[in-house]
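This report refers to the structure that appears directly beneath it.
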Amino acid sequence: MYILCTMITLGIESSCDETSVALLRDGRVSASLTHSQAEHAIYGGVVPEVASRAHLERIDGLTKAVMDSCGICPKDIDLIAVTDSPGLAGALLVGVSFALGMHSAHGIPITGVNHLEGHICSLFITPDNVLAPPETGIQTPFIVLLASGGHTAVYKYVSFGNCELLGRTVDDAAGEAFDKVGKLLGFPYPAGRAIETEAAKAASGGRSNIAFPIARFSSSDKRYCFSFSGLKTAVKKFLSESGEDYINDSGNRAAVCAAFQRAVVGSLADNAAAAAAAHGIKTVAIAGGVACNGFLRDELRRRLGAENVICPPPHLCTDNGAMIAMAGQLAGQTGRLRFPVMDPGRGI
Ligand code: KG4
Ligand code: ZN
């Protein structure tokens, strides 16, 4: 049982290419600002050194702006929650060092937050920014499909701090596959949204005779695991065999996007639905940047029934400080505060 308390939590996220700071007051998001680093677009992927530098340039200003917009100063903050794992080492270092600076200078309690746990906690923030306490919100246990640019996994969520990993990708993450295929097709990084938009044109145009293979695992220890690197290779081979003229045709490009998206979404939905059925659980929630994908949302709703699928609003699916603040608040309420320890490779 969680108890809502009057507490102001500052959430700081800097694990990859979004600098995001949010204030959660009494369980509501008072303010949230995110700077998405456009600097990486020309490189076709995140450049770690560029990310660290960009975080450094923004984090102070974003934090001030968030506090000013709510009319509060550091002494009003009850808890700082900062992403300390997993992520790019230099990028995490900026957020953790900044948070530790505030902690030391103002004596504000602090907690480290696992970024993946943060994504899952985005589920507890409702679209109208009113906290849905876990006991009145989503019935536990539920299955979470977490699909982002860096991670893809299926979990059984029991309670805060009690989340069982059922399966994960053995190679690329789903978002990474979107970004890599997008690069092959000439879309700027990150390419997930552009591929979805392009694929929608194929749906209206009617060309859908392409089918890409997707890996499935039959062994019991990998039953809910994913693999997307072979899919990316299949798209690459298809494009090189089809030639430049083929892909310069917008109808063909849309058909390739639709076929690729079908394959990824099919794999994500298959594993999430299979895990739910095997565990006798009705509710499936999605989180992470790929959870913005409308085709994924529709596919899960079609298979499981709309009432059984929980989708956070898109701005809470991609990296944001509010989900980190939410995880910090739940850590405080459940006696799980921990001093930040940077660990680029730690999962949950
Ligand atoms: O969660 P997130 O913001 O960052 C990580 O923790 O990685 O996820 C970013 C990923 C990118 O790979 C991006 O291409 C993907 O989410 N993404 C999408 C969509 N919107 C963002 N993938 C598919 N469809 C979308 N609409
Ligand atoms: Zn993320």
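Please read all numbers here as calculations on a predicted model, not as lab measurements. Residues: numbered from 1 along the sequence shown. Only heavy atoms go into these numbers, but all of them, side chains included; no hydrogens, no water, no symmetry mates. Just follow the structure's listing: the first ligand is 1, and inside any ligand the first atom is 1.
For ligand 1, the atoms closer than 4.0 angstrom to any heavy atom of His115 are 6 (O). Listed by number with element, the atoms of ligand 1 under 4.0 Å from a non-hydrogen atom of Gly150 are 7 (O). Within ligand 1, counting atoms from 1 as listed, the ones closer than 4.0 Å to a heavy atom of Arg193 are 19 (C), 25 (C), 26 (N). Close contacts of ligand 1 with Cys317, meaning ligand atoms under 4.0 Å from a residue heavy atom, involve 1 (O).
Closest to atom 26 (N) of ligand 1 among all protein heavy atoms lies Glu196 OE1, 2.8 Å. What sits closest to atom 9 (C) of ligand 1 on the protein, heavy atoms only, is Gly149 N, 3.8 Å.
Taking 4.0 Å as the cut-off between side-chain N and carboxylate O, Arg302 and Asp298 do not count as a salt-bridged pair.
Inclusion of Gly192 in the set of residues having an N or O under 3.5 Å from an N or O of ligand 1 is warranted. Ligand 1 has no N or O atom lying under 3.5 Å from any N or O atom of Thr318, backbone or side chain. For ligand 1, none of its N or O atoms has an N or O atom of Gly288 under 3.5 Å away.
Close to ligand 1: His119, with a non-hydrogen atom less than 4.0 angstrom away.
Contact annotation for Cys16 and ligand 1: no heavy atom of the residue comes within less than 4.0 Å of the ligand.
Taking 2.8 Å as the threshold, His119 counts as a candidate ligand of the Zn ion (ligand 2), since one of its N, O or S atoms lies below it. The Zn ion (ligand 2) has no N, O or S atom of Cys16 closer than 2.8 Å.
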